[in-house]
Amino acid sequence: QEATGRGSKLLFKRKFLRVDEFLHPGDLAHANLTYRQAVWDFLRYPVDEDTKLLLDISSRIVWVERDYFAEYVSEGTLDSEGVLEQVVSDTVLRGRNRSKVAQHILDQYRRLSENLDPTEHRLVTMSRVLSLMQRLRLFGSFYWLSREIFDVPAEKVSIPDAPKAICRIDFQAGDPEYYVVVDYFGVRFVRTTGTAHGSPIRKSFYFSEDASERVVQWGAVQNILQMTVTAINPAQPQGGAVPMSIAVVSTAAVDVSYAMHVVHSMRGLSKRHPAAAGVGQAAAG
């Protein structure tokens, strides 16, 4: 800290939260930590995919912590600086009137207070919020900014025998940056802008060997991530899913590769799977 002027914090988290999990009534400590991690991730959600759902979740977070927020609710000051940010992500607030956002949450909160039982066990209340969060497309994922490229410098090649056919993330013109998203089930490429209407997801590839569009191999050297996937080639759709290449530039390329390796191990997939070689190349790079 003396050298950089920056403070440091230890963030204790599980590797992945899953869309099919639930809070365990037999382990309240685990349930509380899982819920807190889900809220922490929610407040940093990167895309504005469904504003109504996002604000509904925010109002329910206020309901869970109604004792803490009681003063702000009664005085109508939920929009105070540093308070609204405890229930709403920056993505939702960006470009919106914070007073209107806070009022929407307060209106929804009051409707909840008329219909929900305040004596309900906290675990049940938290579970309701978690189930709504699990409806978000990027729930339980890690994500990094990336940009698609079509030529990989020779010194940064991590998959020497990568297929020549390129799998384009998006043929439409627009923002060239994407989030490369890794979760327990696979890898997705998500637009960084214009996601409030329609799906933000441009491409999805799965770790399951039974999937037609899946991740076969990956690797990273410095800031270049390469992937071999199976996908439908638009130039030859009659051929079905065939091996194709994706390459992106990202300052977190090696982190993405490692996250994919972690999921691969967690899922108990064969160590002889080609993907393992991709991670080995990344480590060597």
Side-chain angles (χ1 to χ4, degrees), residues 14-22 38 41 45-47 49-50 133-148 158-159 161-163 165-171 178-192 195 198-220 224-248 250 252-282:
R14 287 170 49 191
K15 292 186 177 72
F16 288 96
L17 298 181
R18 294 181 53 169
V19 296
D20 57 352
E21 72 173 284
F22 57 89
D41 288 345
Y45 201 71
V47 295
E49 66 177 61
D50 185 336
M133 292 178 181
Q134 289 170 325
R135 290 167 53 184
L136 296 170
R137 293 187 177 95
L138 305 188
F139 177 84
S141 63
F142 289 102
Y143 46 86
W144 301 265
L145 279 174
S146 66
R147 179 170 51 82
E148 186 176 22
S158 57
I159 305 180
D161 56 346
I166 303 297
C167 180
R168 294 287 300 272
I169 296 174
D170 195 345
F171 284 96
Y178 298 87
Y179 288 109
V180 54
V181 178
V182 178
D183 64 14
Y184 188 78
F185 301 99
V187 180
R188 288 170 287 173
F189 292 91
V190 178
R191 291 179 296 179
T192 61
T195 56
S199 173
I201 301 172
R202 306 317 299 159
K203 293 287 185 183
S204 299
F205 303 97
Y206 300 94
F207 292 120
S208 172
E209 297 179 358
D210 297 326
S212 58
E213 295 195 332
R214 64 187 181 92
V215 182
V216 177
Q217 190 176 13
W218 65 88
I224 303 295
L225 172 73
Q226 285 184 269
M227 295 171 51
T228 299
V229 301
T230 57
I232 304 295
N233 188 339
Q236 298 177 320
Q238 68 279 5
V242 297
M244 302 183 74
S245 292
I246 293 177
V248 299
S250 172
V254 174
D255 293 333
V256 180
S257 180
Y258 177 71
M260 295 169 70
H261 167 68
V262 169
V263 177
H264 189 261
S265 300
M266 289 175 63
R267 291 177 62 96
L269 299 176
S270 170
K271 293 184 179 180
R272 296 183 179 180
H273 191 277
V279 172
Q281 292 161 8

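We number each residue from 1, following the sequence as shown.
- Remark: R168 CZ to M244 CE distance equals 10.5 Å, nearest 0.5 Å.
- Summarising the geometry of S245 relative to A162, their closest heavy-atom pair is OG-CB, 3.5 Å, with the distance given to 0.1 Å.
- Of the inter-residue distances, the one linking R18 atom CZ with M266 atom CE reads 7.5 Å to the nearest 0.5 angstrom.
- A distance-only check finds no donor-acceptor pair linking the side chain of R137 to the backbone of V190 [under 3.5 Å].
- Annotation for R147: atom CZ does not count as buried by contact number, only 12 or fewer foreign heavy atoms lying within 6.0 Å.
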Under the ring-ring contact (aromatic ring centres under 6.0 Å, His included) rule, what do F207 and Y184 come out as? Steps first, then yes or no, please.
CA-CA 8 Å; F207 292 120; Y184 188 78; 8.5 Å; no

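- Summarising the geometry of Q226 relative to I159, their closest heavy-atom pair is OE1-N, 3.3 Å, with the distance given to 0.1 Å.
- The side-chain heavy atoms of I232 and E213, taken from C-beta on, include a pair separated by under 4.5 Å.
- Between the side chain of T230 and the backbone N or O of R214, at least one donor-acceptor pair lies under 3.5 Å.
- V229 and V215 make their closest contact through CG1-CA, 4.4 Å (heavy atoms, listed as atom of the first residue, atom of the second, distance).
- Annotation: the span from L17 atom CG to D41 atom CG amounts to 6.0 Å, rounded to 0.5 Å.
- A donor-acceptor contact shorter than 3.5 Å links the side chain of Q134 to the backbone of E21.
- Atom CG of N233 is separated from atom CD of Q238 by 9.0 Å, given to the nearest 0.5 angstrom.
- Inter-residue side-chain proximity for V248 and I169 is flagged as met; some heavy-atom pair is nearer than 4.5 Å.
- Counting heavy atoms from C-beta outward, F185 and V19 have side chains that approach closer than 4.5 Å.
- For the pair S257 and G219, the tightest heavy-atom approach, listed with the atom from each and the gap, is OG-CA, 4.1 Å.
- Side-chain contact check for L145 versus Y179: some heavy-atom pair is nearer than 4.5 Å.
- Distance OH/Y45 to CG/L136: 4.5 Å, rounded to 0.5 Å.
- By the 6.0 Å contact criterion, CZ on F16 is enclosed, its count of non-hydrogen atoms from other residues, nucleotides or ligands being greater than 12.
- L225 CG to I246 CD1: the interatomic distance, rounded to the nearest 0.5 Å, is 9.0 Å.
- Taking the six-membered ring where tryptophan is involved, the planes of H261 and Y258 are tilted, since the angle between them lies from 30° to 60°.
- Heavy atoms only, all atoms of each residue included: E49 and L138 are closest at OE1-N, 4.2 Å.
- At least one side-chain heavy atom of C167 sits under 4.5 Å from a side-chain heavy atom of F205.
- D161 has its side chain within reach of Q217: a pair of non-hydrogen atoms, C-beta onward, lies under 4.5 Å apart.
- Residues D183 and G140 come closest through the heavy atom pair CB-O, 3.9 Å.
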